[in-house]
Enquirer: 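Sharing a structure with you now.
Start at 1 and go down the list; that is how both ligands and their atoms are numbered. Sequential numbering from 1 along the given sequence is applied to the chain's residues. Quick note: numbers below take in every heavy atom, side chains included, and nothing from hydrogens, waters or symmetry partners.
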Amino acid sequence: MTQRFYVTTPIYYVNGAPHVGHAYTSIAADVMARFKRLDGYDVFFLTGTDEHGQKVEKAAADAGLDPQAFTDQVSAKFRDMADRLNVSYDDFIRTTEERHKVSCAELWRRIAAAGDIYLGHYEGWYAVRDEAFYDEAELTVRPDGTKVAPTGAPVEWVREPSYFFRLSAWQDRLLAFYDANPDFIAPASRRNEVISFVKGGLNDLSISRTSFRWGIPVPDAPGHVMYVWLDALNNYVTACGFPDPDAPRWGFWPADVHFIGKDIVRFHAVYWPAFLMAAGLPTPKRVTTNGWWVVDGEKMSKSLGNVVDALAMAETFGLDAVRYFLMREKPFGADGGISHKAMISRTNVDLANDLGNLAQRTLSLVARNCEGRLPGRGPVTEADTALLAAADGLPALMRQRVERQLFHDGLEEVWKVIRAANAYIDHQAPWALRKTDPVRMAAVLRVLADVLRVVGTVLQPFMPASMAKLLDQLGVPDEARDFRALAAPVADGTVLPAPQGIFPRFVETEA
Ligand code: ME8
């Protein structure tokens, strides 16, 4: 049976328009989903929007709209962003959907039946911007006297009746769980943070609110709506058809990997496995966390208003150049800056020069000197074997990197081969062989075409549209573009379409 693979993005708050930070996590998850599909897995890739809670209620009120009308509008923007970024999601979940309300009510009932929920009174600090509760000890006081959370979000004092989740009882079981699952949280720095947070002791968690209405009602508890994070986290299970054990997608749970940003690790790595274990459901296998894209040293966020728009970048540079830049420019787990200059350099050096020119030189020589047909291999030289071996090693190297979300590292491996292929073409000089040794010229061009095919194949998850163009030009049939198909060569003599540049150089226009 085909192995299943379930990958998710965060579901984004609909309190404002999407920006490059959201685009980034979604593109990274998309790379993983596409990679797994090419590697023969049956993939389920989920994204969507988080639509309840005080923050969204407030944003709707600020916009002068009823919350449902507001969330309909903003959710559509996130879906449009995913489509325009070529994010290949299989399902787009909205937490205001009926299926999700049914699923949350059942999750609640199961946790309650296990004895992990009790009614009490919450009194303490709450940050609407983070939709999170904070202890007094975590707060700092600004010079103007306002108290803020470690994230910088202002907090307010909340006092209301509330249901609690007995999180304090889960400390040892969570620590045992992290111990038994060393790959559950990545990267290691985040894992250490989570473990020391849990070791520090856990308070019971307030999981219902009574002071506003925009949430999923708690079963049999008039006046209470579920804490937005309980509702939000459960989206991953809802999308698999919970609570119907016969749902076609139920077999995808537990998730193989949740992609998130480092701001929401505590929710995914502490609360989420505790809720699931309490409900008697399997826990996800991995939570992988990305670092921040920063602008002028500050995290970009809707609330701070210093955002870069990924779609505007895509209009200037082309979508695939932006996807490549985001995956290549910084390690996934680390923070990094976005700049126009760095974007130009990746576009012109890595894409237009290194890869684009290699493809263009090879394909135009085939068009001109081989009657536009893919030549056959000749007797191989040592140089041919070395280059071909490096290319053939790429799927396995890439698999290791992508499994651990080391995307930038995987791309560097591909670029080593591209650089080696550029050195090879310069050294072999097939343009000069045309007169002196046309048989060798054809053999050299075939080696290059084969190397480009491997490169184009492994880069498809990163740059789907451009690599489809490259593979078209190399005569690779549609059904022969996954990793397994690399074992069978493209037929000698295949007629190739007229070559066309894949990556235009970016030229700054004078303002
Ligand atoms: O937290 N750099 O939604 P959200 C990199 N609804 N990634 C960034 C980023 C930046 N500057 N800014 C945002 C929520 N992100 C909840 C999630 S999941 C059950 C509920 C990305 O709209 C990053 O992945 O605030 C971060 O975790 C996510 O957007 C937060 O999106």
Side-chain angles (χ1 to χ4, degrees), residues 7-30 32 46-56 59 71 74-75 77-78 81-82 85 87 93-96 100 103-104 107 127-132 151-153 190 215-216 226-239 255 257-273 275-276 284 287-310 325-327 329-338 405 407:
V7 49
T8 68
T9 74
I11 50 169
Y12 303 108
Y13 284 128
V14 290
N15 65 317
H19 61 67
V20 75
H22 308 111
Y24 177 56
T25 312
S26 290
I27 289 170
D30 185 51
M32 182 99 212
L46 177 71
T47 188
T49 43
D50 187 355
E51 308 188 1
H52 289 126
Q54 247 178 312
K55 160 152 145 168
V56 171
T71 56
V74 186
S75 176
K77 284 193 198 156
F78 275 90
M81 171 190 79
L85 294 172
V87 169
I93 191 168
R94 300 185 53 191
T95 54
T96 48
H100 186 60
S103 162
C104 285
L107 182 78
V128 174
R129 196 168 96 192
D130 301 341
E131 294 282 19
T151 54
R190 295 278 99 72
I216 296 183
M226 292 183 198
Y227 172 38
V228 65
W229 270 103
L230 174 65
D231 156 350
L233 288 161
N234 192 42
N235 88 87
Y236 303 130
V237 160
T238 302
V257 52
H258 292 315
F259 277 76
I260 61 166
K262 66 181 180 178
D263 52 337
I264 54 179
V265 179
R266 193 183 291 185
F267 305 97
H268 282 81
V270 181
Y271 304 165
W272 184 222
F275 294 154
L276 288 165
V287 172
T288 194
T289 62
N290 64 245
W292 295 143
W293 285 108
V294 294
V295 179
D296 303 328
E298 262 214 276
K299 183 195 166 225
M300 220 181 310
S301 86
K302 287 174 279 196
S303 313
L304 297 175
N306 60 342
V307 297
V308 172
D309 178 359
F325 172 86
L326 293 174
M327 293 300 106
E329 188 66 10
K330 73 174 186 69
F332 181 69
D335 295 349
I338 288 199
Q405 292 79 48
F407 303 112

Enquirer: Would Tyr13 count as being in polar contact with ligand 1, using the rule that some N or O on each side must be under 3.5 angstrom apart?
Expert: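 Yes, since at least one N or O of Tyr13 sits under 3.5 Å from an N or O of ligand 1.
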
Enquirer: Mind checking whether Ile264 and Trp229 have side chains closer than 4.5 Å, heavy atoms only?
Expert: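 Counting from C-beta outward, Ile264 and Trp229 do come under 4.5 Å.
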
Enquirer: Between Asn235 (side chain only) and Ala232 (backbone N and O only), is there a donor and an acceptor less than 3.5 Å apart?
Expert: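 Indeed, once roles are kept as given, a pair shorter than 3.5 Å links the two residues.
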
Enquirer: Check whether any side-chain heavy atom of Val265 lies under 4.5 Å from a side-chain heavy atom of Ile260, and answer yes or no.
Expert: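 Sidechains of Ile260 and Val265: in contact.
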
Enquirer: So which of Lys330, His19, His52 gets nearest to atom 12 (N) of ligand 1, if we judge by its closest heavy atom?
Expert: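 Shortest heavy-atom distance from atom 12 (N) of ligand 1: His19.
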
Enquirer: Going by heavy atoms in the side chains, are His52 and Tyr227 under 4.5 Å from each other?
Expert: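 Result no, sub-4.5 Å side-chain heavy-atom pair not found.
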
Enquirer: A side-chain contact here means heavy atoms from C-beta on lying under 4.5 Å apart; do Asn290 and Phe259 qualify?
Expert: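 Counting from C-beta outward, Asn290 and Phe259 never come under 4.5 Å.
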
Enquirer: Is there a heavy atom in Tyr236 that sits closer than 4.0 Å to ligand 1?
Expert: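 Yes, Tyr236 has a heavy atom closer than 4.0 Å to ligand 1.
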
Enquirer: Below 3.5 angstrom, do we get any N/O pair linking Gly261 and ligand 1?
Expert: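 By distance alone, the answer is yes.
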
Enquirer: Hey, is Glu51 close enough to Arg94 for a salt bridge, meaning N to O under 4.0 Å?
Expert: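 Yes, charged N to carboxylate O under 4.0 Å.
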
Enquirer: Taking only non-hydrogen atoms of Trp229, do any sit less than 4.0 angstrom from ligand 1?
Expert: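 Per 4.0 Å heavy-atom rule, Trp229 contacts ligand 1.
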
Enquirer: Are the side chains of Asp50 and Pro10 in touch, meaning some heavy atoms are under 4.5 Å apart?
Expert: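 With C-beta onward as the side chain, the pair stays apart.
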
Enquirer: Are the side chains of Thr49 and Thr71 in touch, meaning some heavy atoms are under 4.5 Å apart?
Expert: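 Sidechains of Thr71 and Thr49: no contact.
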
Enquirer: Show me which atoms of ligand 1 lie under 4.0 Å from any heavy atom of His22.
Expert: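 Once the distances to His22 are compared, the set is 22 (O), 29 (O), 31 (O).
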
Enquirer: Partners of Thr9 by side chain to side chain contact (heavy atoms under 4.5 Å, CB included), sequence neighbours excluded?
Expert: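 Counting only residues at least two positions away or on another chain, Thr9 forms a side chain to side chain contact (heavy atoms under 4.5 Å, CB included) with Tyr12, Ser26, Ala29, Phe45, Thr47.
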
Enquirer: Below 3.5 Å, N or O to N or O, backbone or side chain included: is there any such pair between Thr25 and ligand 1?
Expert: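 Min N/O separation from ligand 1 is below 3.5 Å for Thr25.
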
Enquirer: Under 4.0 Å from a heavy atom of Asn290: give me the atoms of ligand 1 that qualify, with their elements.
Expert: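 Once the distances to Asn290 are compared, the set is 5 (C), 7 (N), 24 (O).
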
Enquirer: Counting each atom of ligand 1 from 1 as listed, which ones have a heavy atom of Gly291 under 4.0 Å away?
Expert: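 Listed by number with element: 2 (N), 5 (C).
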
Enquirer: At a 4.0 Å cut-off, with the gap strictly under it, does some heavy atom of His268 reach an atom of ligand 1?
Expert: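 Yes; His268 lies near enough to ligand 1 that a heavy-atom distance drops under 4.0 Å.
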
Enquirer: Quick one: which ligand 1 atoms are inside 4.0 Å of a heavy atom on Ile260?
Expert: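 This gives 24 (O) as the contact atoms.
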
Enquirer: With atom 20 (C) of ligand 1 as the reference point, say which of Ile11, Thr8, Asn235 has the nearest heavy atom.
Expert: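 Ranked by closest heavy atom to atom 20 (C) of ligand 1, first place is Ile11.
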
Enquirer: Kindly say whether Lys55 contributes a backbone atom to a donor-acceptor pair with the side chain of Glu131 at under 3.5 angstrom?
Expert: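 Yes: the side chain of Glu131 pairs with the backbone of Lys55.
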
Enquirer: Quiz question: by atom type and distance under 3.5 Å, do the side chains of His100 and Thr95 form a donor-acceptor pair?
Expert: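 Checked: His100/Thr95 side chains show no N/O donor-acceptor pair below 3.5 Å.
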
Enquirer: How far apart are the C-alpha atoms of Trp293 and Tyr24, what are their side-chain angles, what is the distance that settles it, and do they pass the ring-ring contact (aromatic ring centres under 6.0 Å, His included) test?
Expert: CA-CA 9 Å; Trp293 285 108; Tyr24 177 56; 5.3 Å; yes

Enquirer: Heavy atoms only, cut-off 4.0 Å: how does Asp263 contact ligand 1, side chain, backbone, both, or neither?
Expert: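 The part of Asp263 near ligand 1 is the side chain, not the backbone.
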
Enquirer: N/O of Asp50 under 3.5 Å from N/O of ligand 1, yes or no?
Expert: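 Indeed, backbone or side chain, Asp50 has an N or O that close.
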
Enquirer: In ligand 1, which numbered atoms sit nearer than 4.0 Å to a non-hydrogen atom of Pro10?
Expert: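 Answer for ligand 1: 18 (S), 24 (O).
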
Enquirer: Where on Asn15 is there a heavy atom closer than 4.0 Å to ligand 1, on the side chain, on the backbone, on both, or on neither?
Expert: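 Neither; no heavy atom under 4.0 Å.
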
Enquirer: For ligand 1, which is the ligand I care about here, please tell me if Leu233 has any N or O atom under 3.5 Å from one of the ligand's N or O atoms.
Expert: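 No; the residue has no nitrogen or oxygen that sits under 3.5 Å from a nitrogen or oxygen of the ligand.
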
Enquirer: Out of all atoms in ligand 1, which are within 4.0 Å of some heavy atom of Gly21? Include the element for each.
Expert: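 What qualifies from ligand 1 is 2 (N), 5 (C), 7 (N), 8 (C), 9 (C), 10 (C), 12 (N), 15 (N), 21 (C).
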
Enquirer: Taking the side chain as every heavy atom from C-beta outward, state whether Asp263 and Thr151 have any atom pair closer than 4.5 Å.
Expert: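 Side-chain contact under 4.5 Å: no.
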
Enquirer: Can you check whether Lys55 has an N/O within less than 3.5 Å of an N/O in ligand 1?
Expert: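 No, no N or O pair falls under 3.5 Å.
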
Enquirer: Any atoms of ligand 1 less than 4.0 Å from a non-hydrogen atom of Ile264? List them with their elements.
Expert: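 Checking each atom against Ile264, I get 1 (O), 17 (C), 27 (O).
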
Enquirer: Taking a cutoff of less than 4.0 Å between a non-hydrogen atom of the residue and any ligand atom, is Glu131 in contact with ligand 1?
Expert: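 Under 4.0 Å: no for Glu131.
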
